[in-house]
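These numbers come from a predicted model, not from an experiment. Order of the sequence lines sets the chain letters (A, B, ...), proteins ahead of strands, with each chain counted from 1. Hydrogens, waters and symmetry mates play no part in the numbers below; they use all other heavy atoms, side chains included.
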Protein chains: 2
Amino acid sequence: MARERKFSDEDLFLATKELLLNHGYEGFTFGLLAERLKVSRSALYKYFGNKEELIMEFMMYEMDQFMDKLRKIDDYDDFEDQFNYLLELMMSHRNIHQLIEIGRHVPVNNKKMEEKNKKLDGLHLNMYQSLVGFVGLGKKEGKLKPHIPDTLIVGYILQSFLVPNLAQIPHSEWVQSMKEIIRDGMFTDDN
Amino acid sequence: MARERKFSDEDLFLATKELLLNHGYEGFTFGLLAERLKVSRSALYKYFGNKEELIMEFMMYEMDQFMDKLRKIDDYDDFEDQFNYLLELMMSHRNIHQLIEIGRHVPVNNKKMEEKNKKLDGLHLNMYQSLVGFVGLGKKEGKLKPHIPDTLIVGYILQSFLVPNLAQIPHSEWVQSMKEIIRDGMFTDDN
DNA sequence: ACTCAAAATGACAAAAATGTCACTTTGGAT
DNA sequence: ATCCAAAGTGACATTTTTGTCATTTTGAGT
């Protein structure tokens with residue numbers, strides 16, 4: 001027995017995501033978000049005490065969604081299949097890395113935040129472990145170069161998806177080339 | 001016949017750089033900058049009318065410095081040498097790409113800004129052309145894969161240096177591995 | 001049709017950042 | 001030594017963002 005809400009959680013988190021990516025953590029304001037949702041600013045305070053809290057909730061939502069998909073990487077036994085799955089996944093969550101970086105800027109003031117922050121750290125750890133597992137498998141199968149640090153491999157893959165496609169190269173060509181660079185580099189074989 | 005300044009242009013631009021990288025465009029304030037320089041906030045208004053103007057000046061300063069070095073790439077005839085020079089250069093100006101992205105957030109309000117913005121665009125174009133020239137040489141010498149779009153190659157090289165070295169891998173090892181990934185990828189040869 | 005709890009609002013006070021200006025300080029030039 | 005232009009300051013008015021709260025609106029349940 002309650003009134004219908006004017007915006008769903010999905011609406012809210014989507015708007016939050018766009019604003020965060022366009023304006024950064026410090027440029028994100030409740031005013032902007034309320035405007036986007038066509039709601040009064042004070043309505044938002046019914047759900048989140050402040051900016052930090054909202055952004056933390058958003059991060060968890062985003063990470064949960066991403067992790068649900070990332071965990072599916074273990075459905076594939078073969079490294080090659082995992083690799084393909086991972087690239088597709090990253091392509092559809094291009095900015096997860098960027099968002100995580102923004103999340104690191106959120107100040108932790110009180111106990112409540114402390115807790116949320118810990119939870120989020122846990123999710124990051126999960127993600128990292130999942131990716132390190134992937135790299136481990138690749139090395140074990142002899143597919144990935146053993147002497148390159150795991151963290152660099154993981155970081156490089158994540159970072160790849162942030163290269164801006166300024167020249168508007170068609171999607172499939174872009175992904176194809178990207179995959180090739182990641183696998184075999186940009187130099188020709190005879191070097 | 002004037003009083004000695006309490007801070008040099010270098011001081012100011014260095015502080016600006018750090019603040020921009022740590023807080024982003026919207027999080028950068030005159031208050032923070034003044035505090036950093038141990039000067040009153042109003043002193044800064046003697047030199048820059050507002051935040052946008054200051055940041056534009058900073059961008060030009062930074063780009064000028066970078067371009068001076070980037071242009072030296074043409075001192076090397078051989079692509080291989082150009083490649084090595086470029087990686088070293090990028091390593092010591094790791095965040096130039098990030099700064100350029102931040103610069104794109106600066107709103108252009110008036111004629112004066114319009115002009116500065118044009119000048120900055122010119123510098124970006126220079127940078128881009130210089131890098132495209134480099135890629136062109138690489139392709140001509142048969143070193144770079146001809147079917148990968150120039151913009152992707154350029155973007156990749158720039159982006160690579162933003163991979164955070166979270167595990168604190170020693171600098172030389174990090175650069176070495178990075179170079180290898182860029183050249184030949186992360187997969188072993190027998191794939 | 002009435003109730004009432006959740007949803008939404010607008011108005012308010014406080015905090016933070018901006019921009020301006022009259023005034024003070026400083027140190028090289030005379 | 002003293003002049004004075006540039007450097008720096010503190011106080012003020014304005015704007016933007018934040019956070020709170022009393023009040024109003026809404027619509028599902030009865």
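Separating the CD1 atom of B:Ile55 from the C1' atom of C:dA17 is a distance of 14 Å, rounded to the nearest angstrom. The interatomic distance linking B:Leu12 (CG) with D:dA7 (C1') rounds to 14 Å, in whole Å. Spacing between atom CZ of B:Phe48 and atom P of C:dT18 amounts to 15 Å, rounded to whole angstrom units. For the pair A:Glu4 CD and D:dG29 P, the computed distance is 12 Å after rounding to whole Å. C:dA7 atom P lies 13 Å from atom CG of A:Leu44, rounded to whole Å. For the pair B:Leu33 CG and C:dA17 C1', the computed distance is 14 Å after rounding to whole Å. In this structure, CD of B:Glu35 is placed 14 Å from P of D:dT9, rounded to the nearest angstrom. The CG atom of B:Leu37 sits 15 Å away from the C1' atom of D:dT9 (whole-angstrom rounding).
Of the side-chain N and O atoms in A:Tyr45, none sit less than 4.0 angstrom from OP1 or OP2 of D:dC21. Distances shorter than 4.0 Å separate some side-chain N or O of B:Lys6 from OP1 or OP2 on D:dT9.
Nucleic acid contact for A:Ser40: base, since at least one base atom lies under 4.0 Å from a heavy atom of the residue.
In this structure, of C:dA11, C:dT18, C:dT9, it is C:dT9 that holds the atom nearest to the side chain of A:Val39. Taking only side-chain atoms of A:Phe30, from C-beta outward, the nucleotide of C:dA7, C:dT18, D:dT18 with the closest atom is D:dT18.
Between B:Asp74 and B:Arg71, no side-chain nitrogen of the basic residue sits less than 4.0 Å from a carboxylate oxygen of the acidic one, so the salt-bridge criterion is not met. The pair B:Lys51-B:Glu26 fails the salt-bridge criterion, with no side-chain N (NZ, NE, NH1 or NH2) lying under 4.0 Å from an Asp/Glu carboxylate O. With respect to A:Lys139 and A:Asp150, a salt bridge is recorded, a charged nitrogen being found less than 4.0 Å from a carboxylate O.
In terms of polar N and O atoms assigned as donor or acceptor, the side chain of B:Arg3 comes within less than 3.5 Å of the base of D:dA7 in a complementary pairing. Applying the 3.5 Å distance criterion, the base of D:dG10 shares a donor-acceptor pair with the side chain of B:Ser42. One N or O donor and one acceptor, one from the side chain of B:Arg41 and one from the base of C:dG19, sit under 3.5 Å apart.
Comparing B:Lys51 and B:Lys46, the nucleotide of DNA chain C nearest to each residue sits closer to the 5' end for B:Lys51.
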* ring pair (Phe, Tyr, Trp, His ring centres under 6.0 Å) evaluation trace for A:Phe28 with A:Phe58 -> CA-CA 13 Å; A:Phe28 176 94; A:Phe58 161 73; 8.5 Å; no

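The distance from atom CD of A:Glu18 to atom CG of A:Leu32, rounded to the nearest 0.5 Å, is 12.0 Å.
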